[in-house]
Protein chains: 2
Amino acid sequence: MKLGEGVEAAIHCAATLASVDGNSTMPGAALAECFGLSPSYLLKHLNQLTAARILESVSGPAGGYRLARPAERITLLDIVLAVEGREPAFRCGEIRRNGPVKIDASAYVKPCGINAAMLKAERAYRAALAEVKLSDIVADYAAEGDPRSFAASCAFVARHQRPQKTASTNQN
Amino acid sequence: MKLGEGVEAAIHCAATLASVDGNSTMPGAALAECFGLSPSYLLKHLNQLTAARILESVSGPAGGYRLARPAERITLLDIVLAVEGREPAFRCGEIRRNGPVKIDASAYVKPCGINAAMLKAERAYRAALAEVKLSDIVADYAAEGDPRSFAASCAFVARHQRPQKTASTNQN
DNA sequence: TTATCGTGGATACTTTTTATCCGCAATAGG
DNA sequence: CCTATTGCGGATAAAAAGTATCCACGATAA
């Protein structure tokens, strides 16, 4: 069981985007620089977040990414599912049918108990992730993190964020 | 997030071994045949279970595998950890340090809040798996499964299990 | 002595993950 | 209109992990 590195990148980027002003955006290249990630690959993950309607993207100069909704309504589960996919970690291959003893399919209508147990565990996993909001991550970072690194993050965001022309209803 | 196919194989094999008599053993080749798996690869997983002291192995003719302890004291978590490894699914790469803004290491003594949240979710996952005993899986299979496939499984085990010479204290 | 079985290493094949590149569409600013 | 910047998508490739096979070896029951 392993999560791709994109998950960590996606969560950090989303947390960073949570502190841009109003409807301003931040370019993907700036986010990549912020965490020392390869820009071209990070864009893939940002794109997945956009497809999942967690982020919004703006093309053109002064374009970039911003959160599609307030950080209070984005959970870690949203991000993990967007990047890793929605399929469960355990996939039942029904290998019990593959044995030498041939029994017709009617003997296997009941779902496999092993599968049920594994899926139940994953529901617990997802439920725990769903309880953590992106705003919690940001608040924790602001409260528990070192003031120097927090200030540096804010300065970096302030330096790279770009205001948009079109008016927006949610002023943060 | 994805689990290897070995997990499914390992659980099915362990459940099968739960119904061998006394201290009898069952060859790995028979287990592979039972689920239509490649024998040489399944042995790797059985070996991992042996290394984790979930199974015991006996060499020589009439040798094979058996549970190292009663099925009531083997959980799905034991098996999953033995096959997939004990490392958490999420590994914090501390990418927040990789940015262009250089801050000395003293600014990052606090563990990352993202990491904490992800590990907490995985603890919930593991706790759910730890609650399911191998004996539960077997009992569910006997009670809920189709009588035909259950009978076929029992017959297969009875046909391939091999009694051991050395006396054992735990008669199932 | 022989045949069967598990162990461990070496090796190869396949799939997934990670990463890069390029052309395209969108668009802000001159 | 023109140009520069940015996101989007596909093609491609390199790296890593997962899957699978084989063989030499030690153990052991008959």
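Residue numbers start from 1 in every chain, and the chains themselves are labelled A, B, ... in the order their sequence lines are given, proteins ahead of strands.
Between the P atom of C:dT18 and the CG atom of A:L3 lies a distance of 10 Å, rounded to the nearest Å. We find that CD of A:E33 is positioned 12 Å from P of D:dT6, with the value rounded to whole Å. Computed from coordinates, the B:M1 CE to C:dT16 P distance equals 17 Å when rounded to whole Å. The CD-P distance, from B:E5 to D:dT19, rounds to 5 Å in whole Å. As rounded to whole Å, 13 Å separates atom C1' of C:dG6 from atom CD of B:Q164.
For the contact set between residues 39-56 of chain A and DNA chain C, defined by any heavy atom under 4.0 Å, the members are A:S40, A:Y41, A:K44.
By the side-chain hydrogen bond (donor to acceptor under 3.5 Å, both in side chains) test, A:T25 is found to be paired with A:Q164, residues two or more places apart in sequence or in another chain being considered. Qualifying side-chain hydrogen bond (donor to acceptor under 3.5 Å, both in side chains) partners for A:S153, counting only residues two or more places apart in sequence or in other chains: A:Y141. Looking at residues two or more places apart in sequence or on another chain, you find a side-chain hydrogen bond (donor to acceptor under 3.5 Å, both in side chains) between B:D78 and B:R69, B:T75.
Remark: B:E8 CD to B:I79 CD1 distance equals 12.5 Å, nearest 0.5 Å. Here B:Y65 contributes atom OH and B:T50 contributes atom OG1; the two are 5.0 Å apart, rounded to the nearest 0.5 Å. Put simply, CG on B:L17 and SG on B:C34 are 9.5 Å apart, with the number rounded to the nearest 0.5 Å.
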Protein-nucleotides 3-5 of chain D N/O pairs closer than 3.5 Å?
| from | atom 1 | to | atom 2 | distance (Å) |
| --- | --- | --- | --- | --- |
| D:dT5 | O2 | A:P61 | N | 3.2 |

Pair up each side-chain donor or acceptor in residues 39-47 of chain B with any protein partner under 3.5 Å, not counting sequence neighbours, and list the distances.
| from | atom 1 | to | atom 2 | distance (Å) |
| --- | --- | --- | --- | --- |
| B:H45 | ND1 | B:Q48 | OE1 | 3.0 |

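Mapped onto DNA chain D by nearest heavy atom, B:V58 and A:K2 fall at different nucleotides, with A:K2 at the one closer to the 5' end. With DNA chain C read from its 5' end, the first of the two nearest nucleotides for A:S38 and B:S57 is the one closest to B:S57.
Aromatic ring orientation, A:H12 versus A:F35: tilted (interplanar angle from 30° to 60°).
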